[in-house]
Undergrad: 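Quick one: the structure is below, and I'll ask about it shortly.
Numbers here simply count residues along the sequence, with the first being 1.
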Amino acid sequence: TRVRSSAASDVYKRQIFDIITTIQNNGINMQDLISIIIPSFNHEKFITSTINSIINQTFRNLELIIIDDNSTDNTRSAVLSLENECRKRFANFKFIKKEQNKGINNSLNTGIDLANGEFVYIIASDDIAKPEAIETFYSFIKDKADYALITGDGELIDENNNRIFWDHEFNPHKKYDPVVAKYKTTAQRMEKSARINFLSEQYGDYKTLLWSNYVTNGYLLRKSALLEAGKYREDVLEDWYMNLQLAKKYKFKFIDKVLFSYRWHSSNAIRTEASQKKYLSTLLLEKDYCLKHNLKEEWEKAFEKYKRLV
């Protein structure tokens with residue numbers, strides 16, 4: 001009996017060893033967990049595509065957190081139609097529908113509070129991540145504590161997932177022919193307005209970010225840096241404000257590859273007048289920092305630039 005018990009014990013130990021070896025060889029452990037946060041609002045038509053793009057990520061150790069800002073359409077039903085698949089695919093799955101509409105910054109902070117990962121990937125409920133996006137980002141940033149953000153190039157799609165492009169005035173007028181388009185990717189367009197080379201050391205530099213909110217969507221963030229920056233404020237342009245805070249201490253990285261699809265449709269947030277005014281409120285919060293760090297001239301130029309847009 002003792003021999004059988006010992007043999008069974010040896011087999012059990014070997015199985016455990018094999019499991020641990022497999023996990024290590026695939027680079028999967030609790031420290032490698034990445035939290036996906038989807039802030040959603042009235043995107044019943046698009047959110048299943050967004051979720052499926054996360055389900056199809058080549059990086060496996062993910063948790064998915066969806067924070068719905070009290071949508072009035074069928075967003076909840078759309079999400080729950082994929083609940084079983086999400087629970088099978090992800091290490092953790094949470095869907096929270098807020099009782100009141102409190103804005104995207106509140107949704108992001110709620111998601112961050114619930115996140116268990118060392119890194120956070122934020123994607124809007126109408127956009128799509130390329131399958132290799134998160135794995136690409138993680139491979140670069142995992143051992144680089146001086147980096148807080150990594151992102152890649154992006155493409156533009158319409159309501160029906162068709163690729164579209166920008167015209168000469170920076171506007172996406174549903175140009176479906178890349179030959180006649182002025183800008184074919186997000187980076188091509190944003191580099192023009194940012195006045196920097198995205199592959200240079202200037203990418204993510206505070207002074208360049210002060211002039212232009214050029215960081216492309218679909219980025220991976222170090223959670224500890226987000227917490228250090230105080231998470232998202234309610235009265236500012238959420239991504240630009242956070243990028244400015246992170247740039248005061250950390251580096252950013254741009255990957256020259258299309259890893260994200262940004263959807264352009266009639267209700268895009270960047271089209272609204274309210275969001276344009278948040279540019280000014282964001283800059284006003286940066287004034288004291290700029291004065292203390294000899295950036296008065298840069299701040300004044302940026303303020304005048306965005307003042308003309310409102």
Side-chain angles (χ1 to χ4, degrees), residues 104 122-124 126-127 148-158 163-175 178-219 221 236-248 250-265 268-287 289-290 295-310:
I104 187 171
I122 297 172
I123 179 171
D126 53 350
D127 297 331
L149 182 151
I150 180 169
T151 191
D153 205 347
E155 64 185 7
L156 211 62
I157 58 175
D158 66 9
R163 181 90 182 267
I164 56 177
F165 306 93
W166 286 267
D167 64 13
H168 288 68
E169 300 299 325
F170 290 178
N171 298 311
H173 284 309
K174 294 191 176 180
K175 290 186 175 296
V179 176
V180 300
K182 176 66 174 178
Y183 305 105
K184 297 178 179 62
T185 70
T186 307
Q188 288 180 5
R189 177 192 180 278
M190 299 304 290
E191 272 188 321
K192 184 72 173 180
S193 59
R195 302 176 183 177
I196 65 168
N197 181 345
F198 278 12
L199 298 179
S200 72
E201 291 295 322
Q202 286 184 300
Y203 190 84
D205 177 75
Y206 180 85
K207 286 193 293 186
T208 64
L209 282 171
L210 196 67
W211 174 255
S212 176
N213 181 27
Y214 58 74
V215 175
T216 53
N217 289 325
Y219 37 75
L221 296 154
V236 296
L237 195 67
E238 69 280 351
D239 57 345
W240 193 29
Y241 172 79
M242 179 54 68
N243 293 340
L244 287 167
Q245 309 319 305
L246 296 176
K248 294 172 183 177
Y250 295 96
K251 296 179 181 179
F252 292 14
K253 176 66 176 179
F254 174 78
I255 301 294
D256 189 19
K257 182 179 181 180
V258 173
L259 296 169
F260 191 80
S261 299
Y262 179 84
R263 194 182 302 278
W264 189 264
H265 52 89
N268 284 105
I270 61 173
R271 284 171 166 262
T272 66
E273 182 180 350
S275 64
Q276 293 289 354
K277 289 183 178 180
K278 286 186 176 182
Y279 277 97
L280 292 181
S281 61
T282 302
L283 275 174
L284 287 172
L285 288 173
E286 296 302 304
K287 184 175 182 179
Y289 177 87
C290 290
L295 296 172
K296 179 181 178 182
E297 183 178 352
E298 288 84 351
W299 183 89
E300 290 177 344
K301 288 181 179 179
F303 190 81
E304 287 301 314
K305 169 190 172 181
Y306 287 106
K307 187 178 179 180
R308 291 193 296 269
L309 297 177
V310 177

Undergrad: Is T208 reaching over with its side chain to a backbone N or O of Q202, donor-acceptor style, under 3.5 angstrom?
TA: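 The answer is yes, because a donor-acceptor pair under 3.5 Å joins these two groups.
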Undergrad: Taking the side chain as everything from C-beta on, heavy atoms only, tell me whether Y219 gets closer than 4.5 Å to F252.
TA: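 The answer is no, as the side chains (C-beta and beyond) never meet within the 4.5 Å cut-off.
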Undergrad: Sub-3.5 Å donor-acceptor pair from the side chain of W240 to the main-chain atoms of L209, do we have one?
TA: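 Yes, because the side chain of W240 sits within donor-acceptor range (under 3.5 Å) of the backbone of L209.
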Undergrad: Look at the rings of F198 and Y203 and say which category their plane angle falls in: under 30° parallel, 30 to 60° tilted, over 60° perpendicular.
TA: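 Geometry flag for Y203 against F198: perpendicular rings.
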Undergrad: Can you name the nearest heavy-atom pair linking L285 to Y241, along with the distance?
TA: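 Result for this residue pair: CD1-CE1, 4.2 Å.
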Undergrad: State whether the side chain of K301 and the backbone N or O of W211 hold a donor-acceptor pair below 3.5 Å, judged by distance alone.
TA: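 Looks like no, no N/O pair under 3.5 Å.
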Undergrad: Measure across L246 and A148 and return the closest heavy-atom pair with its distance rounded to 0.1 Å.
TA: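 Shortest heavy-atom separation between L246 and A148 comes out as CD2-CB, 4.3 Å.
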Undergrad: Is there a side-chain contact between Y214 and I196, using heavy atoms and a 4.5 Å cut-off?
TA: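 Yes, at least one pair of side-chain atoms sits under 4.5 Å.
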Undergrad: How close do I104 and E238 get, counting heavy atoms only, and between which atoms?
TA: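 Where I104 meets E238 most closely, the heavy atoms are CG2-OE1, 3.6 Å.
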Undergrad: Would you say CD of E304 has more than 12 non-hydrogen atoms from neighbouring residues, nucleotides or ligands within 6.0 angstrom?
TA: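 It does: E304 CD has more than 12 such atoms within range.
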Undergrad: Any side-chain heavy atom of E300 sitting closer than 4.5 Å to one from K287?
TA: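 When only atoms from C-beta onward are counted, K287 and E300 do not touch, as no gap falls below 4.5 Å.
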Undergrad: Does Y250 form a side chain to side chain contact (heavy atoms under 4.5 Å, CB included) with L149? I'd like the steps, not just the answer.
TA: CA-CA 8 Å; Y250 295 96; L149 182 151; over 6 Å; no
Undergrad: Does K248 have more than 12 heavy atoms from other residues, nucleotides or ligands lying within 6.0 Å of its NZ?
TA: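 Correct, the count exceeds 12.
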